[in-house]
Engineer: 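Input: one structure, supplied below.
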Amino acid sequence: MSQVCASCGATSANEAAFCASCGQGLKPKTVKKSAKSAAKRRWPMPLVAVGIILTVAALYFWLFIADDLKRGSGMSASEAGEVSNPEAQIFFAITDANLRNKPTISGSEILGKLPRGSQVTGVIQPGSGVDGGWLELSDGNGFVALINLSQFQPPALVKLLNDQIWISDGLIDVWATTLADSNLLDRLREGSKLTLVGTTADNFIEVKLADGRYGYLADAPSILKPLGGKPIAIGFNPQSCSFSGEIGAEFSKIGAQLRAQWQTLEAKEFASEAARQKAYAAVEGKSKYLRLRRSFEGLSLTGLAQHYESQSLYFDDPPAKVIDVFRAQGFDIGRDGLFTGTDLYAGIAATRGEGAAYGKTELGCGV
């Protein structure tokens with residue numbers, strides 16, 4: 001290649017430093033070009049790196065920080081409080097529950113008792129797998145295990161079933177409440193075990209499930225009817241205070257035992273007459289009790305007793321209910337619970353003394 005002299009216009013070799021025609025100095029293009037090229041190579045790479053860093057930083061800010069700042073600046077004070085402070089909720093105690101100083105069973109102290117039906121307000125706190133959730137009371141009085149609470153006020157129980165265990169004999173629905181629009185809490189298969197707590201006025205049974213939850217079974221009478229045990233017939237004559245059937249047979253067994261006991265005493269040699277009288281006094285007047293579990297026309301027969309000069313049947317039902325059942329069987333019973341038309345004592349009343357351990361109501365007959 002050649003180069004043109006800027007002074008005279010003559011051409012010279014590309015490598016020449018001076019014009020061959022006029023002697024004017026020439027500037028080799030290759031020198032300028034390599035210098036400029038070198039300069040270009042020195043600056044672009046750092047600028048590109050800086051640009052990439054700034055781009056990544058801007059993208060991170062836009063994705064992760066700007067949105068949070070926007071939400072934070074636009075959130076009201078009340079909304080911010082709701083995030084940091086969960087809303088308090090209202091619950092009712094479904095059973096007597098412990099108030100604890102910490103949301104855990106292990107290592108906590110019992111501060112007091114929360115009676116069944118009590119309304120409490122608090123914030124739910126998580127618990128361990130063993131303890132489950134807890135409610136921290138808003139009044140600062142402690143913590144209550146959520147398993148003992150319900151969002152529905154429990155109904156009053158008209159009869160306690162003393163946590164009797166019941167095994168379902170088929171599919172059975174467990175409801176959250178006794179209300180007509182109640183949610184279905186669970187559907188249990190045949191053979192499921194439940195703890196019977198008590199009956200309500202609208203014929204539901206409050207039950208405790210195996211996992212600790214509480215629910216309600218409809219149609220209490222049909223469930224309770226076989227709970228009294230094997231059905232039994234009660235043949236009773238208030239004129240003579242005699243019982244027939246299985247009840248009569250049980251009294252005959254007790255009578256035979258008492259007679260054998262007296263015969264043993266009479267055959268025994270005593271050191272003195274005073275010792276004999278003391279032994280007789282220890283037996284005389286002492287009642288002989290027998291526990292039973294039988295059902296009679298919806299009643300639960302729980303025991304019988306042979307006293308010195310009378311006999312008794314015991315029921316795990318209130319006196320009014322027992323009276324109504326025997327009236328329905330054709331017995332004439334006054335408002336005071338006494339059988340009419342007899343010279344002997346025959347009546348139905350609430351138990352007292354030793355008999356209270358065998359039932360709530362006593363049907364007694366004797367002199």
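Only a predicted model underlies this, so the values are computations on that prediction, with no experimental measurement involved.
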Engineer: With rounding to the nearest 0.5 angstrom, report the CG to CG distance, Asn148 to Asp96.
Structural biologist: 9.5 Å
Engineer: Test of understanding: with side chain to side chain donor-acceptor pair (under 3.5 Å), list the residues that count as partners of Arg187, not counting sequence neighbours.
Structural biologist: Asp173
Engineer: Do Ile223 and Leu161 sit in the same hydrophobic cluster, where Ile, Leu, Val, Met, Phe, Trp and Tyr count as joined when their side-chain heavy atoms come under 4.5 Å apart?
Structural biologist: yes
Engineer: What's the shortest heavy-atom distance between Thr351 and Gly359, and which atoms?
Structural biologist: OG1-O, 2.8 Å
Engineer: With sequence neighbours left out, write down each residue that passes side chain to side chain donor-acceptor pair (under 3.5 Å) with Ser242, or none if nothing qualifies.
Structural biologist: Ser240
Engineer: Is the NZ atom of Lys113 crowded by more than 12 outside heavy atoms at less than 6.0 Å?
Structural biologist: yes
Engineer: Is there a continuous path of hydrophobic side-chain contacts, each under 4.5 Å between heavy atoms, that joins Leu299 to Leu160?
Structural biologist: no
Engineer: Are any of the side-chain heavy atoms of Val144 and Leu137 separated by less than 4.5 Å?
Structural biologist: yes
Engineer: Quick one: closest heavy-atom pair of Ser310 and Gly366, and the distance?
Structural biologist: CB-CA, 3.7 Å
Engineer: Could you go step by step and tell me if Leu99 and Ile110 meet the side chain to side chain contact (heavy atoms under 4.5 Å, CB included) rule?
Structural biologist: CA-CA 6 Å; Leu99 291 170; Ile110 297 178; 5.9 Å; no
Engineer: Strictly by side-chain hydrogen bond (donor to acceptor under 3.5 Å, both in side chains), give each pair with a member in residues 312-327 just once, sequence neighbours left out.
Structural biologist: Lys159-Asp317, His307-Ser312, Ser312-Glu362
Engineer: Could you grab the distance from atom CD of Gln306 to atom NZ of Lys288, nearest 0.5 Å is fine?
Structural biologist: 11.5 Å
Engineer: What residues form a ring pair (Phe, Tyr, Trp, His ring centres under 6.0 Å) with Trp262, not counting sequence neighbours?
Structural biologist: Tyr280
Engineer: If I take atom NZ from residue Lys102 and atom CD1 from residue Ile105, how far apart are they, to the nearest 0.5 angstrom?
Structural biologist: 14.0 Å
Engineer: Which atoms form the tightest heavy-atom contact between Phe92 and Phe152, and what is the distance?
Structural biologist: CD1-C, 3.6 Å
Engineer: Checking side chain to side chain contact (heavy atoms under 4.5 Å, CB included) for the pair Ser168/Lys193: CA distance, chi angles, key distance, verdict?
Structural biologist: CA-CA 7 Å; Ser168 63; Lys193 182 183 294 186; over 6 Å; no
Engineer: Could you check Leu114 against Asn98 for side chain to side chain contact (heavy atoms under 4.5 Å, CB included), going step by step and ending with a plain yes or no?
Structural biologist: CA-CA 6 Å; Leu114 188 67; Asn98 290 326; over 6 Å; no
Engineer: Looking only at non-hydrogen atoms, find the nearest pair between Ala220 and Thr199 and report the distance.
Structural biologist: CB-CG2, 4.4 Å
Engineer: Is any side-chain heavy atom of Arg213 less than 4.5 Å from a side-chain heavy atom of Ser150?
Structural biologist: no
Engineer: Is Ser182 reaching over with its side chain to a backbone N or O of Thr177, donor-acceptor style, under 3.5 angstrom?
Structural biologist: yes
Engineer: Kindly say whether Thr121 contributes a backbone atom to a donor-acceptor pair with the side chain of Ser138 at under 3.5 angstrom?
Structural biologist: yes
Engineer: Please find the pair of heavy atoms, one from Thr178 and one from Pro155, that lie closest to each other, and give the distance.
Structural biologist: CG2-CG, 4.2 Å
Engineer: Do Val325 and Leu301 land in one hydrophobic cluster if side-chain heavy atoms of ILVMFWY residues count as linked below 4.5 Å?
Structural biologist: yes
Engineer: Go through it in stages, so that I can follow the logic: the residues are Tyr216 and Ile205, the test is side chain to side chain contact (heavy atoms under 4.5 Å, CB included), and I'd like the CA-CA distance, side-chain angles, deciding distance and then a yes or no.
Structural biologist: CA-CA 5 Å; Tyr216 298 88; Ile205 299 180; over 6 Å; no
Engineer: Just by modelled atom types, is the Leu157 backbone N or O under 3.5 Å from a matching donor or acceptor in the Thr200 side chain?
Structural biologist: no
Engineer: To the nearest 0.5 Å, what is the distance between OG on Ser118 and CD on Gln153?
Structural biologist: 9.5 Å
Engineer: A side-chain contact here means heavy atoms from C-beta on lying under 4.5 Å apart; do Ile165 and Leu194 qualify?
Structural biologist: no
Engineer: Would you say CD of Glu273 has more than 12 non-hydrogen atoms from neighbouring residues, nucleotides or ligands within 6.0 angstrom?
Structural biologist: yes
Engineer: Test of understanding: with ring pair (Phe, Tyr, Trp, His ring centres under 6.0 Å), list the residues that count as partners of Tyr308, not counting sequence neighbours.
Structural biologist: none
Engineer: What about Leu363 and Ile254, same hydrophobic cluster or not, with Ile/Leu/Val/Met/Phe/Trp/Tyr joined at side-chain heavy-atom distances under 4.5 Å?
Structural biologist: yes
Engineer: The criterion is side chain to side chain contact (heavy atoms under 4.5 Å, CB included); which residues satisfy it with Gln329, sequence neighbours excluded?
Structural biologist: Phe296, Glu297, Phe331
Engineer: When you compare the side chain of Val207 with that of Thr195, does any pair of heavy atoms fall below 4.5 Å?
Structural biologist: no
Engineer: Keeping to residues at least two apart or across chains, list the salt bridge (charged side-chain N to carboxylate O under 4.0 Å, His left out) pairs with something in residues 139-153.
Structural biologist: none
Engineer: Which pair of heavy atoms, one from Trp134 and one from Arg100, lies closest together, and at what distance?
Structural biologist: CH2-CD, 3.7 Å
Engineer: Taking the side chain as everything from C-beta on, heavy atoms only, tell me whether Glu246 gets closer than 4.5 Å to Arg294.
Structural biologist: yes
Engineer: Could you tell me if the side chain of Leu313 sits less than 4.5 Å from the side chain of Tyr358, heavy atoms only?
Structural biologist: no
Engineer: Do the side chain of Ser295 and the main chain of Gly298 share a donor and acceptor less than 3.5 angstrom apart?
Structural biologist: no
Engineer: Does the distance from a Lys or Arg side-chain N to an Asp or Glu carboxylate O, for Arg116 and Glu206, drop under 4.0 Å?
Structural biologist: yes
Engineer: Can you list the residues that meet the side chain to side chain contact (heavy atoms under 4.5 Å, CB included) rule with Leu171, with sequence neighbours excluded?
Structural biologist: Arg189
Engineer: Between Gln239 (side chain only) and Gly341 (backbone N and O only), is there a donor and an acceptor less than 3.5 Å apart?
Structural biologist: yes
Engineer: Considering only residues two or more places apart or on different chains, which pairs with a residue in residues 332-349 satisfy side-chain hydrogen bond (donor to acceptor under 3.5 Å, both in side chains)?
Structural biologist: Asp332-Thr340
Engineer: Can you hop from Phe326 to Leu338 via hydrophobic side chains spaced under 4.5 Å?
Structural biologist: no
Engineer: Considering only heavy atoms from C-beta outward, does the side chain of Asn183 approach that of Trp175 to under 4.5 Å?
Structural biologist: no
Engineer: Could you identify which residues cluster with Val367, counting Ile, Leu, Val, Met, Phe, Trp and Tyr as linked when any side-chain heavy atoms lie under 4.5 Å apart, either directly or through a chain of such contacts?
Structural biologist: Leu344
Engineer: Find out whether Val123 and Leu135 are in side-chain contact, i.e. whether some heavy atom of one side chain is under 4.5 Å from a heavy atom of the other.
Structural biologist: no
Engineer: Could you give all pairs that pass the side-chain hydrogen bond (donor to acceptor under 3.5 Å, both in side chains) test and reach residues 249-260, with sequence neighbours left out?
Structural biologist: none
Engineer: Got a sec, which residues hit ring pair (Phe, Tyr, Trp, His ring centres under 6.0 Å) with Phe243, two or more places apart in sequence or on another chain?
Structural biologist: Phe236, Phe251
